[in-house]
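Chain letters run A, B, ... following the sequence lines, proteins first, then strands; residues in each count from 1.
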Amino acid sequence: MLSVNITQAFGSFRLETQFEVEEGSITAIFGKSGAGKTSTINAIAGLTRPDVGVIQIGNTTLFDQNLRINLPIYKRQIGYVFQDDRLFPHMTVRNNLIYGTPKNRDVANSLNLTDITGLLELAPLLERRPRTLSGGEKQRVAIGRALLSNPKLLLMDEPLASIDVQHRFEILPFIQRVREKTGITIIYVTHALEEVIFIADQIILLSEGQVTAQGTVEEIMSRLDLHPMTSRFDAGAVISAIYSGYDREFDLGELSFDGGTLRIAGLNAEIGIHLRAHIRARDVSLMLDKPKDTSVLNVFKGELIEIRHEDGPQLDLLINIGTPLIARITRKSLNDLNLDIGSKVYAMIKAVAIDRKTLGINVSPLSKKIKPKKD
Amino acid sequence: MTILSPLEYEVVLLSVQVATWSVLISMPLSLATAWLLSRRQFYGHLIVDGLVHLPMVIPPVVVGYVLLILFGRQGPIGGFLSEVLGITIAFTWKGAAIASAVMAFPLMVRAIRLSFQAIDEGLEEAAATLGASPFRVFFTITIPIISPGLIAAAILGFARSLGEFGATITFVSNIPGETRTLPLALFTLIQTPGGDAAAVRLLSISVILALGALIASEYLARRITRQVKR
């Protein structure tokens, strides 16, 4: 387990973060640029030194201002995948990969070059120079290189930022695979909500140098009060589900969750896998009576449990349909339908409104249940 | 060698030998100084920076004279070397190499410093996160990446040493076969009545030598730059 409690001043900006991260989880540090995300992981890696505080991994203290402990970077055993790949230009991919491999081979449960090459599909690249690789290939090598140094923790600082938009999502399944195969704890810094939903178990919400919320992706995304910080436009609940069926005739995938079955256009996946669907609040509409003769495939009965009033024409509602769902409607609709806490409503979600790309494929059950602590 | 007369051959060989040793002596010191000046903040930074550039701005004769005082048989360093180790510096080619090294030093420090400032320190950080000690980072990341700059510095130092005159003649005199390098030989010929033809020959040789060194260094630097470019 990683625990961080640090204060660090950068001119007028003040970073004051305190959080804990469970072993084996993927935790996203999410926030706008300038919120202190990179500063936080730089302090964990030892690239910068906090003014006061403590950083520990398990029983190892990496930093403790009171005890005058400040382990140098190279003794921390923390892998770091930088925003820019930072591959060594004068070495081949192979030599980059093995640069940090511990020399004493008796290191328990350490990965070797063959494992990593297989996992990240790097075999054809081994003899090439970094400058000949594409952005995505470079980041895969950078991930492999960090893993081969046998780290206790892997830090990733917006690893997709330097990759062109079309190829960005090709890297995420690799990161998922790394976690599944190695069980390594990952801290993933990003300001892209879809990456968080795709990959993370936990979110740490960072705003102006402070942790404003921490919890599972589902919890944080269903909190109406956090919308200004998560994302105004893309705000919406995240539903954990199991892929339960596929309608071949109409090319529709079915996701079972606590409130029923959600149908998504064009989704054909392996039956039984865990998935996460991000239902944007803007894509949810409400009716008082059970709708008939509608083109909308997904209709769920629920109860209104929270209203977040905001200035302006629209507002967000939290509806319990067995799982939290968020709907964004106009103030006028709220008035016309005479909605209040406790009102029974039918929530409708168009099957075509859900973006298949943002479904967190292969999200492990960890996102619902945190693994028991290991010592 | 048929093109060069035996005397010319001797002069060229001695010059190359002196210049090579000059670079070998100056390189580690320049590297350390350049690293110190570009990577460390310390009290007296400006003073060290000034001292490094001193040989560039004071008359070479002064440098030669100071060396004579220090390395002469009665001097503090020269005395120690001759009594304890039996090495004589003054009035030998070794002294010529030291004089050239001192004169080349500021140029080499400047060239290496530029490389240190141009390197992406993110690469060194990345190496550290992979478990490499500062020592290992320096020799496996920093040095290979600044190697084009090191070569440029070496060639600059070499060329400077080939042309060294004032400090050399003051410190180790103009002894044929021992300290008479190209510029000193040229000087002697100019002083000799009827030595013009030989002087022009020697002049051409020195131009060819310097030009050859520069072209070789440019070729080498390009090759290495291609290797270490991102």
**Study point:** Interchain contact, B/S147 with chain A, by part (heavy-atom threshold 4.5 Å)
**Key:** neither

Check your understanding: So does B/F42 have more than 12 non-hydrogen atoms from other groups sitting under 6.0 Å from CZ?
Key -> yes

Review point. Hey, which residues of residues 70-82 of chain A are touching chain B, say heavy atoms under 4.5 Å apart?
Key: A/I73, A/Y74, A/I78, A/Y80, A/F82

Check your understanding: Of the non-hydrogen atoms in B/L130 and A/A146, which two are nearest, and what is the gap between them?
Key -> CD2-CA, 3.9 Å

Check your understanding: For atom NE2 of A/H191, is the number of surrounding heavy atoms from other residues, nucleotides or ligands below 6.0 Å larger than 12?
Key -> no

Point to revise | chain B contact residues among residues 32-44 of chain A, heavy-atom distance under 4.5 Å | key: none

Point to revise | Smallest separation among heavy atoms of A/L87 and B/L123, with atom names | key: O-CD2, 3.4 Å

Revision key, fill the gap. A/H90 and B/T140 have their tightest heavy-atom pair at NE2-O, 2.8 Å

Review point. Chain A heavy atoms under 4.5 Å from B/I141: which part of the residue, side chain, backbone, both or neither?
Key: both

Exercise for review: Please indicate whether B/R222 has more than 12 foreign heavy atoms, meaning atoms of other residues, nucleotides or ligands, lying under 6.0 Å from its CZ.
Suggested key: no

Review point. Do other residues, nucleotides or ligands put more than 12 heavy atoms under 6.0 Å from the CG atom of A/L67?
Key: yes

Study note, to complete from the structure: Separation between CG (A/D84) and CG (B/D120), nearest 0.5 Å, reads 7.0 Å

Exercise for review: Can you establish whether the number of heavy atoms outside B/R136 located under 6.0 Å from its atom CZ is more than 12?
Suggested key: yes

